[in-house]
Protein chains: 2
Amino acid sequence: MAGVKDVARLAGVSVATVSRVLNDSAPVTEETRARVLAAVAELGYRPNGVARSLRTDTTRTVGLVIGDILNPFFTELARAVEDEARSAGYSVVIGNADERPGRQDHYVRTLLEQRVDGLLLCPTAEITPLVRDVVRDGGPLVFLDRTLPGLDVPTVRADGTAAIGELVAHLARLGHRRVAFVSGPALLSTGRERTEAFVAALRANGLPVRPEYLEAGDFQAASGRASAARLLDLPEPPEVIFAGDNLMALGALDEIRARGLAIPGDVGLASYDDVPWFTHVDPPVTAIAQPVQDLGRRAVRALLERIARRPVEPEVLAARLVVRRSCGEPGPDRGAEDLAVRPLGAGPQGGDLTKEGSGPA
Amino acid sequence: MAGVKDVARLAGVSVATVSRVLNDSAPVTEETRARVLAAVAELGYRPNGVARSLRTDTTRTVGLVIGDILNPFFTELARAVEDEARSAGYSVVIGNADERPGRQDHYVRTLLEQRVDGLLLCPTAEITPLVRDVVRDGGPLVFLDRTLPGLDVPTVRADGTAAIGELVAHLARLGHRRVAFVSGPALLSTGRERTEAFVAALRANGLPVRPEYLEAGDFQAASGRASAARLLDLPEPPEVIFAGDNLMALGALDEIRARGLAIPGDVGLASYDDVPWFTHVDPPVTAIAQPVQDLGRRAVRALLERIARRPVEPEVLAARLVVRRSCGEPGPDRGAEDLAVRPLGAGPQGGDLTKEGSGPA
DNA sequence: TTGTATGCGTTATCAC
DNA sequence: GTGATAACGCATACAA
């Protein structure tokens, strides 16, 4: 493959001049510039990014380690991160931890060895020694979506406390008293916080807090299904199951369907995370939507600041409740107006409506 | 950051020995090896992959350019590719073309400059000059999911001809005669082939082929919605709309719901691609499932062969029909047994059942 | 078994 | 405005 040398020879200039033209790092005669460009085109020269990175000690690349690439929340997040990074001239290398600390470490290590300029990490449950090391080293690092306890790292995340409060109040208003929650891993901020917010909301609304209604899942569909099964097998099963993320909601849905139960007649369902297909489930699923685009955008901006060695503040965005009809909300069994029909890709946070499904006027 | 030199100095050996220990590329005394490893640990040394790649002319990295990261088909594919690549010691860098030739080229260029060892490309509709160049250069390249006409590149893809034939026969048996198809871009093999198979199947089943029932979409949700709108506005609208991919099916679903139409009463719906939530739509969506895992796995294997400079044959896998109830299939309106409840992540091609939803015995 | 020295392709420093 | 050359961090050919 052709290198700067070949280009230089063909254009009758030095390698230094070629480099100057390619990076316009110094003034060059219009004529020589043309000759160089012609040579580049003729040889089909493609600069060697590896060599360039070695020399400049920068890769114009950031790493993004997500929890689970099959989770629509994370793919939307990845999409947002990529858009923002690209517009800043950075490439994004995605690593899929699959919610496994081992995999996470694999990618963190790989990305670090690839010398990415910065790292966006949605940490898995455990604080691994590697992550601790990386934090200590002080390289550009931003936690996204999740925090880890006791680690001083700038974090961009959403807070669902208020939305969960609204949801529980909403359920209470609908007359429900037995509400169960399938949480994520307690070691994860997103797991712990949602549980705490849920319990607090129960208390605030005068609903009983029953330990057997607090299931511990792992954000994957299978655990949602297993938890739903245990809840439904209880002598006194809950009236509503609130899943801690969209995959566990899918799992719960699987279990409910498999038992031939009706929603919300036999059991209601609500979910943390909103995904496009929730509007097409029968009945449409009441959910809490995170500001995914914003999360991604801000995380990239924060990381770029860190890369520039500037300090950044943690950012906490608010999630919001989207009322549909899976919890026994009043409204027609089927209708046009009460189904959110938002353009896909616009993301859940577009618009300022906080309620859907109020039915025809 | 610490380099081999520092490690060498601390361990009291030469840089060559350090390298030998780290890559065990040559025999080293157990004792010196221990000293080196100790030094590595003490310094928290992380090898510089950039320098290594420059020296060895290999990055142990492959590029994967997908059509759209918000499309579950592609994320499942990416997942499969990553798994297979990782087990072969390769990292995967994902680029999201967003179905735009410009973006595709951006990532192809970036990946090439990053000197990935091989490239997996799901080409967008147009043959761009860049892609033509890359093909001509003859580097390790494999097309995945889609082919481009007139380009001699090894391709791994699924063929839905038989499954589409089955679907149309299925619809004919249900008594439908007016069936419309929303295709992907005609420039894409996946767009063209599905259309051709559809038309051929109509003829084979004695159903009329009406030009106004052939809509041209672009594999994105918005186009599915627009196409559905046009079809439903026809003086004689189709009885069933068959969407060329899952996103256009989602768009069509949006439009149908927005009009307050009943499925399958007012209009039936079928989709190419199967996704987990199709089982939870009301009614569950009849679909054609692609062997996504296999596609990803085989593509990686093919690429590794090309990296090793060995020739590979194109691979064509079969898609299969999954009958549910969105086309007026008989069966209860709701039930446990007729809803596919497959573990998420196992993927649509697990098992050999070709029908779901036959109802209780 | 170990050490020395060269070069990978580029950018940047310094002279001219 | 341009050219010669050192250096980036590592792997390896060759020497010992």
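What's counted below: heavy atoms across the whole structure, side chains too, no hydrogens, waters or symmetry copies. Numbered from 1 within each chain, the chains take letters A, B, ... in sequence-line order.
B:Asp98 has a carboxylate O that lies under 4.0 Å from a charged side-chain N of A:Arg79, or vice versa, which qualifies the two as a salt bridge. The pair B:Arg20-B:Asp24 does not count as a salt bridge, with every side-chain nitrogen at least 4.0 angstrom from each carboxylate oxygen. A salt bridge links B:Arg46 and A:Asp137; the closest N-O separation between the charged side-chain nitrogens and carboxylate oxygens is under 4.0 Å.
Distance, A:Asn48 CG to D:dC8 C1': 13 Å, rounded to whole Å. A straight line from CD of A:Gln114 to P of D:dG9 spans 18 Å, rounded to a whole angstrom. In this structure, the CG atom of A:Asp24 is 12 Å from the P atom of C:dA12, given to the nearest Å. Put simply, CG on B:Leu54 is 9 Å from C1' on C:dG7, counting in whole angstrom units. B:Glu30 has its CD atom 10 Å from the P atom of C:dT2, to the nearest Å. Whole-Å rounding puts the B:Leu22 CG to D:dC10 P distance at 9 Å. Between the CZ atom of A:Arg115 and the P atom of D:dC8 there is a distance of 14 Å, given to the nearest Å. Atom CD of A:Glu113 and atom C1' of D:dC10 are 13 Å apart (whole Å).
When distances are taken from the side chain of A:Ala51 to each of C:dT1, C:dC8, C:dT10, the shortest belongs to C:dT10. Closest approach to the B:Ala16 side chain among C:dA12, D:dT12, D:dT2 is made by D:dT12 (side chain taken as heavy atoms from C-beta onward). You'll find that the side chain of A:Arg20 is closest to D:dT2, out of C:dG9, D:dT2, C:dT1. When distances are taken from the side chain of B:Thr17 to each of C:dA12, D:dG9, C:dT2, the shortest belongs to C:dT2.
An OP1 or OP2 oxygen of D:dA11 is reached within less than 4.0 angstrom by a side-chain nitrogen or oxygen of B:Asn23. Listed pair A:Thr29 / D:dT2 meets the phosphate criterion, a side-chain N or O lying under 4.0 Å from OP1 or OP2. Using a 4.0 Å cut-off, no side-chain N or O of B:Ser53 falls inside it from OP1 or OP2 of C:dC8.
Among the atoms of the strands shown, base atoms are found under 4.0 Å from some heavy atom of A:Val15. Here A:Asp57 lies out of heavy-atom contact (under 4.0 Å) with every strand. If you check every strand for non-hydrogen atoms under 4.0 Å, B:Ser19 touches a base. Counting non-hydrogen atoms under 4.0 angstrom, B:Thr32 reaches the backbone sugars and phosphates but no base. If you check every strand for non-hydrogen atoms under 4.0 Å, B:Val50 touches nothing.
Summary of the strand contacts: A:Ser14 and B:Val4 both lie near DNA chain D, and taking for each the nucleotide with the nearest heavy atom, the more 5' one is attributed to A:Ser14. Toward the 5' end of DNA chain C, the nearer of the two residues B:Thr56 and A:Arg52, judged by each one's closest nucleotide, is B:Thr56.
The backbone N or O of B:Thr58 sits less than 3.5 Å from a side-chain atom of B:Ser53, completing a donor-acceptor pair. Side-chain atoms of B:Thr128 come within 3.5 Å of backbone atoms of B:Val131 as a donor-acceptor pair (strictly under, hydrogens ignored).
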Given the rule in the side-chain contact (heavy atoms from CB on, under 4.5 Å) test, do A:Val18 and A:Val13 qualify, once you have shown the distances and angles that lead to the verdict? CA-CA 7 Å; A:Val18 174; A:Val13 298; 3.8 Å; yes
